[in-house]
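Note sheet for the following structure.
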Amino acid sequence: MVQQVLINDDDYYVPDANQLVTEDDTPVDNFASAKQQRLLIGSLYSSLQNQTFLAEANIGIYYTDLQPPIVPDIFLSLDVQVPENWWEKQNRCYMVWRFGKPPEVVLEIVSNKEGDELGKKLRIYEHMRASYYIVYDPNQQLAEKILHIYELRGTRYFETSETWLEQVGLGITLWKGKFEDRQDIWLRWCYQDGTALLTGDERAEQERQRAEEAEQRTQILAERLRAMGIDPETL
């Protein structure tokens with residue numbers, strides 16, 4: 001198991017946040033990638049309500065003051081949360097030296113061949129020491145594989161076929177179904193038994209179905225009691 005070293009501000013040079021570009025307001029994405037990001041982020045916050053974590057899409061991560069930020073499609077960082085005053089310059093993006101550690105998971109969704117996800121980005125995340133780096137390539141633009149999973153062992157990434165991310169207590173799985181009225185194959189977080197983490201809408205629908213089933217059982221029981229000459233209203 002990889003143990004992340006927590007960073008103490010007292011031991012490291014901390015750059016002036018006012019001199020860093022925390023956002024440039026020029027995101028360019030596509031419909032499929034945007035929906036996939038919402039599914040992954042939303043299901044985390046819907047299903048892990050009792051855990052402390054930070055998961056976001058298209059937020060810059062500063063891992064050193066010597067380089068511009070890297071902006072993963074999605075990241076997940078455990079046991080941290082956004083500071084109360086998130087409008088302050090130093091709180092607007094993920095600065096490793098402020099949060100004390102890099103995210104455990106960074107994930108890229110391949111839209112074209114320009115991102116160099118298996119080259120330059122891999123080396124950056126490896127240097128940043130994110131525990132897991134996941135490349136989701138639904139159209140197989142980079143290789144024959146749809147899913148590439150890298151695990152940090154020591155200071156190097158090693159590709160693995162293991163979809164259970166032991167250090168974060170979550171897995172990833174490909175799931176065929178409908179999300180936001182769009183039928184497709186989606187990348188989803190899952191529990192160890194393969195069950196997908198539910199979105200808020202899925203959770204609400206599950207509760208609605210349970211309520212309907214309970215109501216049906218109540219009606220059947222009432223009909224049986226009446227057939228036996230018993231008025232269920234008097235019970």
Side-chain angles (χ1 to χ4, degrees), residues 23 25-49 51 53-61 69-78 82 93-94 102-122 124-125 128 130-151 159-165 168-192 194-206:
E23 62 273 309
D25 297 323
T26 57
V28 178
D29 218 325
N30 60 74
F31 293 122
S33 181
K35 277 187 182 290
Q36 178 65 80
Q37 291 167 14
R38 288 199 296 275
L39 173 56
L40 288 168
I41 298 296
S43 59
L44 284 172
Y45 281 103
S46 173
S47 298
L48 305 181
Q49 297 180 16
Q51 296 187 33
F53 66 91
L54 178 57
E56 285 298 344
N58 295 317
I59 298 294
I61 299 176
I70 182 76
V71 186
D73 287 322
I74 288 173
F75 75 78
L76 168 63
S77 187
L78 303 179
V82 177
C93 63
Y94 196 105
E104 277 77 12
V105 182
V106 287
L107 188 149
E108 296 284 358
I109 302 168
V110 178
S111 300
N112 51 53
K113 297 181 179 180
E114 306 303 317
D116 201 13
E117 284 85 0
L118 298 181
K120 181 179 179 180
K121 285 186 178 179
L122 185 149
I124 290 174
Y125 292 130
M128 191 173 73
S131 300
Y132 297 99
Y133 173 42
I134 300 169
V135 178
Y136 178 43
D137 185 9
N139 293 316
Q140 299 170 287
Q141 298 187 72
L142 304 182
E144 294 183 1
K145 296 173 61 175
I146 292 177
L147 201 58
H148 301 262
I149 305 170
Y150 296 89
E151 181 179 13
E159 189 166 8
T160 176
S161 60
E162 179 60 62
T163 57
W164 176 249
L165 313 180
V168 296
L170 288 171
I172 52 173
T173 186
L174 295 176
W175 174 84
K176 186 176 183 179
K178 184 178 289 187
F179 172 64
E180 293 184 351
D181 293 325
R182 181 74 184 197
Q183 183 76 24
D184 209 330
I185 296 176
W186 304 93
L187 182 65
R188 300 195 63 161
W189 303 105
C190 66
Y191 299 104
Q192 197 160 12
T195 304
L197 273 65
L198 298 179
T199 65
D201 287 344
E202 288 172 332
R203 193 173 297 279
E205 175 61 20
Q206 189 178 78

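What you see is a predicted model; the values in this text were computed from it and never measured. In this chain, residues are counted from 1 in sequence order.
Minimum heavy-atom separation, Pro102 to Ser77: O-OG, 4.1 Å. Here the closest non-hydrogen pair linking Tyr94 and Leu54 is CD1-CD2, 4.1 Å. When all heavy atoms are compared, the tightest approach of Ile41 to Ala55 is CD1-C, 3.7 Å. Ala143 and Asp137 get closest at one heavy-atom pair: N-OD2, 3.7 Å. Residues Trp164 and Tyr191 come closest through the heavy atom pair CZ3-C, 3.5 Å. Of all heavy-atom pairs spanning Met128 and Ile70, the tightest one is SD-CG2, 4.3 Å.
Once rounded to the nearest 0.5 Å, the distance linking CZ of Phe53 with CG of Leu48 reads 5.0 Å. Note that CG of Leu118 and NZ of Lys145 are 9.5 Å apart. Values are rounded to the nearest 0.5 Å. With rounding to the nearest 0.5 Å, the separation of NZ in Lys35 from CZ in Arg182 is 8.0 Å. To the nearest 0.5 Å, atom CD of residue Gln206 and atom CG of residue Asp201 are 12.5 Å apart. Atom CG of residue Leu142 and atom CG of residue Asn112 lie 9.0 Å apart, to the nearest 0.5 angstrom. The CG atom of Leu39 sits 4.5 Å away from the CZ atom of Phe179 when rounded to the nearest 0.5 Å.
A donor-acceptor pair under 3.5 Å is formed between the side chain of Gln36 and the backbone N or O of Leu187. For Asn139 (side chain) and Gln141 (main-chain N/O), no donor-acceptor pair under 3.5 Å exists by modelled atom type. Between the side chain of Ser47 and the main chain of Ser43, a donor-acceptor pair closer than 3.5 Å is present.
Two residues are said to be in side-chain contact when any heavy atoms from C-beta on lie closer than 4.5 Å; Val105 and Leu170 fail this criterion. Looking only at side-chain heavy atoms (C-beta outward), Tyr136 and Val110 stay at 4.5 Å or farther from each other. Here the side chains of Thr173 and Thr163 are not in contact, with every heavy-atom distance at 4.5 Å or above. Side chains of Leu76 and Glu104 form no contact here, defined as non-hydrogen atoms less than 4.5 Å apart. Between Asp116 and Lys121, every side-chain heavy-atom pair lies at or beyond the 4.5 Å cut-off. Cys93 is listed as a side-chain neighbour of Ile59, based on a closest heavy-atom distance under 4.5 Å. At a threshold of 4.5 Å between non-hydrogen side-chain atoms, the residues Ile172 and Leu40 do not count as touching. Between Trp189 and Val168 there is no side-chain heavy-atom pair separated by less than 4.5 Å.
Screening Leu122, Thr160, Val106 for a side-chain contact (heavy atoms from CB on, under 4.5 Å) with Tyr150, the sole residue that qualifies is Leu122.
By the 30° and 60° cut-offs, the orientation of the rings of Tyr125 relative to Tyr133 is tilted.
Glu202 has a carboxylate O that lies under 4.0 Å from a charged side-chain N of Arg188, or vice versa, which qualifies the two as a salt bridge.
Atom CZ of Arg203 has more than 12 heavy atoms from other residues, nucleotides or ligands within 6.0 Å.
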